[in-house]
Amino acid sequence: QGQLAESGGGLVQAGASLRLSCAATGRATRSHTKAWFRQAPGKEREFVAAINWPRKSTYYSDTVKGRFTISRDNDKNTVDLQMDRLKPDDTAVYSCASTPWTVVVVIPRDYDIWGQGTQVTVSP
């Protein structure tokens with residue numbers, strides 16, 4: 001079994017920053033590609049950012065590129081998402097996910113372990 005647990009969500013005003021963290025346990029700690037996805041009400045789950053191992057190559061969606069930064073610490077088994085210059089359109093439930101793929105993949109069905117998600121709300 002493997003689990004992922006997110007933390008760090010909350011309510012902020014537009015322009016503010018938040019840092020999300022995802023803690024991995026069990027087989028989710030293996031050095032596979034980790035990613036963040038988000039889902040807003042009434043919308044499909046959307047890829048946000050991913051980071052692979054061991055090269056730690058990163059990939060971002062166009063909507064967050066330049067504002068969000070993904071990082072990982074394999075010693076601590078965590079993956080963080082630093083979100084700067086937040087916009088109301090960033091409001092969603094953010095979930096971290098793990099996949100055995102060692103290259104970055106952006107389709108949700110390619111990820112086999114998911115966290116419960118954490119709510120991020122950005123007010124105008």
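The analysis underlying the following values was restricted to heavy atoms, covering all of them including side chains, and did not include hydrogens, waters or symmetry mates. These figures come from a predicted structure and were not determined experimentally.
- Clustering ILVMFWY residues whenever any of their side-chain heavy atoms sit less than 4.5 angstrom apart, transitively, puts Tyr59 in the very cluster that holds Val103.
- Other residues, nucleotides and ligands contribute more than 12 heavy atoms inside 6.0 Å of the CD atom of Gln119.
- For Ala49 against Leu81, the heavy-atom pair with the smallest separation is CB-CD1, 4.2 Å.
- Judged purely by atom type and a 3.5 angstrom limit, Glu6 uses its side chain to pair as donor or acceptor with the backbone of Cys96.
- Of the candidates Asp80, Thr69, Asp84, Asp80 is the only one forming a side chain to side chain donor-acceptor pair (under 3.5 Å) with Arg19.
- With ring centers used as reference points, Tyr111 lies under 6.0 Å from Phe37.
- Here the closest non-hydrogen pair linking Ala40 and Ala92 is N-CB, 3.8 Å.
- Expressed to the nearest 0.5 Å, how far CE of Met83 lies from OG of Ser17 amounts to 8.5 Å.
- Residue Leu20 is grouped with residue Tyr60 when hydrophobic side chains (ILVMFWY) are merged at heavy-atom distances under 4.5 angstrom, including chains of intermediate members.
- A pairwise comparison of heavy atoms in Phe47 and Val106 identifies CB-O, 3.6 Å as the closest pair.
- Thr99 places a side-chain N or O within 3.5 Å of a backbone atom of Asp110 that can act as its donor or acceptor partner.
- The CZ atom of Arg27 lies 11.0 Å from the CD atom of Gln3; values are rounded to the nearest 0.5 Å.
- When hydrophobic clusters are built by joining Ile, Leu, Val, Met, Phe, Trp and Tyr residues whose side-chain heavy atoms come closer than 4.5 Å, directly or via intermediates, Val48 is grouped together with Val79.
- The shortest non-hydrogen separation linking Ala23 to Thr78 is CA-CG2, 4.4 Å.
- Looking only at distances, a side-chain donor or acceptor of Thr33 sits under 3.5 Å from a matching main-chain atom of Trp101.
- Atom OG in Ser71 sits 8.0 Å away from atom NZ in Lys56 (nearest 0.5 Å).
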Worked check of side chain to side chain contact (heavy atoms under 4.5 Å, CB included) between Ile107 and Val105: CA-CA 6 Å; Ile107 301 174; Val105 290; 5.9 Å; no
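- Tested against Val122 for a side chain to side chain contact (heavy atoms under 4.5 Å, CB included), the candidates Leu18, Thr91, Leu11 yield a single pass: Thr91.
- When the side chains of ILVMFWY residues are joined at heavy-atom separations under 4.5 Å, either directly or via intervening members, Val12 and Val120 end up in a single hydrophobic cluster.
- Atoms CD1 and OG, from Ile51 and Ser57 in turn, are 8.0 Å apart once rounded to the nearest 0.5 Å.
- When atom types are taken as modelled, the side chain of Asn52 and the backbone of Val104 share no donor-acceptor pair closer than 3.5 angstrom.
- Considering only heavy atoms from C-beta on, His32 stays 4.5 Å or farther from Trp53 through its side chain.
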Steps toward side chain to side chain contact (heavy atoms under 4.5 Å, CB included) verdict (Thr63, Glu46): CA-CA 10 Å; Thr63 57; Glu46 173 190 21; 3.6 Å; yes
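- With hydrogens and angles disregarded, no donor-acceptor distance shorter than 3.5 Å links the side chain of Asn74 to the backbone of Asn77.
- Judged purely by atom type and a 3.5 angstrom limit, Lys34 uses its side chain to pair as donor or acceptor with the backbone of Ala28.
- The existence of a salt bridge linking Asp62 and Lys65 is confirmed by a sub-4.0 Å separation between a basic side-chain nitrogen and an acidic carboxylate oxygen.
- The two residues Arg85 and Arg67 make their nearest non-hydrogen contact at O-NH1, 3.0 Å.
- We find the SG-CH2 distance between Cys22 and Trp114 to be 11.0 Å, quoted to the nearest 0.5 Å.
- Contact between Pro88 and Pro124 at its shortest, heavy atoms only, is CG-CA, 4.0 Å.
- Between the OG1 atom in Thr118 and the CZ atom in Arg38 there is a gap of 14.0 Å [rounded to 0.5 Å].
- Criterion: ILVMFWY side-chain heavy atoms under 4.5 Å apart, direct or through other members. Under it, Trp36 and Val64 are part of a common hydrophobic cluster.
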